[in-house]
Amino acid sequence: MVNVDEKLEPILTDVLRRNAGELEFHQAVREVLESLGRVIAKRPNYADNALIERICEPERQIIFRVPWVDDKGQVQINRGFRVQFNSALGPYKGGIRFHPSVNVGIIKFLGFEQTFKNALTGMPIGGGKGGSDFNPRGRSDGEIMRFCQSFMTELHRHVGEYTDVPAGDIGVGSREIGYMFGQYKRLTNRYEAGVLTGKGLLYGGSLARKEATGFGATYFVERMLATKGHSFEGKRTVVSGSGNVAIYTMEKVQSFGGKVVACSDSGGYVVDEHGIDLDLVKEIKEVRRERISEYARRRGAGSHYISGGCIWDVPCDVAMPSATQNELTGRDARVLVKNGVIAVGEGANMPTTPEAVRLFQEAGVLFAPGKAANAGGVATSALEMQQNASRDSWTFEDTEKRLAGIMHSIHDLCAGTAEEYGAPGDYVLGANIAGFVRVAEAMDALGVI
Ligand code: NAP
């Protein structure tokens, strides 16, 4: 296990003490601090002026009540969060998650990760994240709309195109962004398209934004595979989840010649040895909002559904965890390594536990961390902001070409940084250091704020 450098140990101890019980936040901070020992050794000035302590403390944390009325006329109460983590490089930027598991620790881990991810893109965006413990599953369209309106009624005071620009995440897609944008417009009497990204195409959205996170993760992994003379061509690939990131990861993997044999949702997973039929997954998940078990029922022979279970038991060459945090454990990593996996690319945020990351690295498996591999979503959100600012809209091809270029440069930056700091092939270290250095340089230039 990697240890935190002794100069950084007191910082970690303090983060754990000040944020008691926020386990995912602890995990995310520990991983970054484990990488920074080598930076401090080379450039001790980064430890001056409590710079690292400041990076670990969000600039602002907002927690608010979200009251709304359900279809039965009952008043429901949820809790809303927005953590504005770091604005050294630009306005806070990061998604909104609606899921019953959401709490302040989860939003803080996501906001912390987002700060370095956004720095890796090289674009002028700071880091933030938000959400609610609202569970959208089974809710009618009207309930979703009333919830989103109530959520934005409080959030609108804290966001804006030069302040904080939210987007989607788990449970928040273009439908929810539309309702939130509508309410923001109504409350402010301003058509400020740049306040949210992931919008529908008729009201300021960008072509290729919906596809961007999954496509971007696949571009990253394709380039990582190429460093060892491999490609997706003919590779058995398993993608967990069947939401936005998973669907467009599967689409790009298939277009690169890979064979996607399994995907999942929180109820279980489907295996299809003929290759996943993506039109069917889109119909079930994007149009009908049904469970993935429907896939096996409608696809018939050749595919089967396993309720519960573990998708990582399905043998594959490439694994793309694209559902949620800590979904791929040490046990799962052992199974994947035994089954001959050669690469793992995180489409989700922190889906691989620290033990599993270590096992992959020890086994020589190529490992792409989420803060680098899934940065294509936020990068394309920044492209959406550019289009909004210039009142322009670009073609799908042009936007995807820019996305591919950004993902290749993030890959090369991480690989080059890992090499510079004496750990060739360690993308975790490369991503953490490269992201940190950009944020640290900007914070240093802005003074103690
Ligand atoms: P999504 O469209 O809501 O899909 C989430 C998928 O993951 C669904 O299939 C869901 O299954 C599954 N899932 C969620 N929570 C789960 C849990 N606790 N256990 C098992 N499965 C679970 O969300 P998404 O936008 O694809 O986001 C997926 C991941 O990518 C998240 O980690 C998110 O932070 C990250 N990410 C997203 C973007 C983006 O642009 N959307 C960008 C960067 C990173 P159920 O339907 O059964 O819940």
Side-chain angles (χ1 to χ4, degrees), residues 24 28 93-102 106-107 109-114 117-118 120-121 127 129-131 134-139 166-177 196-198 205-206 208-217 220 239-250 262-270 281-282 284-286 288-295 307-312 320-329 332 345-352 368-384 403 407:
E24 291 84 0
K93 180 94 198 78
I96 290 178
R97 175 178 293 193
F98 292 163
H99 193 272
S101 63
V102 164
I106 288 189
I107 300 297
F109 118 65
L110 290 163
F112 183 74
E113 291 271 296
Q114 193 82 45
K117 178 189 308 188
N118 294 3
L120 288 173
T121 68
K129 200 82 187 189
F134 172 66
N135 187 358
R137 184 163 328 146
R139 291 294 178 189
D169 191 78
I170 290 178
V172 178
S174 66
R175 173 181 60 166
E176 291 74 19
I177 293 289
L196 287 165
T197 59
S206 172
R209 172 61 188 92
K210 181 176 69 173
E211 294 80 359
T213 309
F215 278 22
F220 189 105
V239 180
S240 64
S242 50
N244 174 265
V245 178
I247 286 175
Y248 293 97
T249 296
M250 293 193 266
C263 65
S264 63
D265 61 21
S266 59
Y269 65 94
V270 286
V281 175
K282 285 184 185 176
I284 291 168
K285 286 293 177 181
E286 293 187 332
R288 304 170 72 95
R289 298 181 187 271
E290 291 174 342
R291 311 301 298 153
I292 203 65
S293 51
E294 268 302 295
Y295 180 93
S307 176
C310 180
I311 192 172
W312 308 119
M320 303 281 287
S322 307
T324 194
Q325 64 273 358
N326 292 326
E327 54 158 312
L328 196 167
T329 64
D332 304 333
E346 293 189 322
N349 285 310
M350 210 170 74
T352 315
K371 66 169 74 69
N374 72 34
V378 75
T380 308
S381 277
L383 299 179
E384 183 175 331
L403 166 66
M407 294 317 297

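Note that ligands are numbered from 1 as they come in the structure, with each ligand's atoms numbered from 1 the same way. Atom set for the values below is all heavy atoms of this structure, side chains included, hydrogens, waters and symmetry mates excluded.
The residues lining ligand 1, counting any heavy atom closer than 4.0 Å, are Arg97, His99, Arg137, Asp169, Ile170, Gly171, Arg209, Thr213, Gly241, Ser242, Gly243, Asn244, Val245, Ser264, Asp265, Ser266, Arg291, Ser322, Ala323, Thr324, Gly347, Ala348, Asn349, Asn374.
Checked options Pro369, Pro321, Ser322; the residue passing with Pro351 is Pro321 (criterion: side-chain contact (heavy atoms from CB on, under 4.5 Å)).
Under the rule for a salt bridge (Lys or Arg N to Asp or Glu O under 4.0 Å), the partners of Asp265 that lie at least two apart in sequence or sit in another chain are Lys285, Arg291. Looking at residues two or more places apart in sequence or on another chain, you find no salt bridge (Lys or Arg N to Asp or Glu O under 4.0 Å) involving Glu286. Under the rule for a side chain to side chain contact (heavy atoms under 4.5 Å, CB included), the partners of Glu113 that lie at least two apart in sequence or sit in another chain are Ala28, Phe109, Lys371.
Between the side chains of Asn118 and Thr121, no donor N or O sits under 3.5 Å from an acceptor N or O.
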| Residues Arg137, Ser266; criterion side-chain contact (heavy atoms from CB on, under 4.5 Å); working and verdict | CA-CA 12 Å; Arg137 184 163 328 146; Ser266 59; 3.1 Å; yes

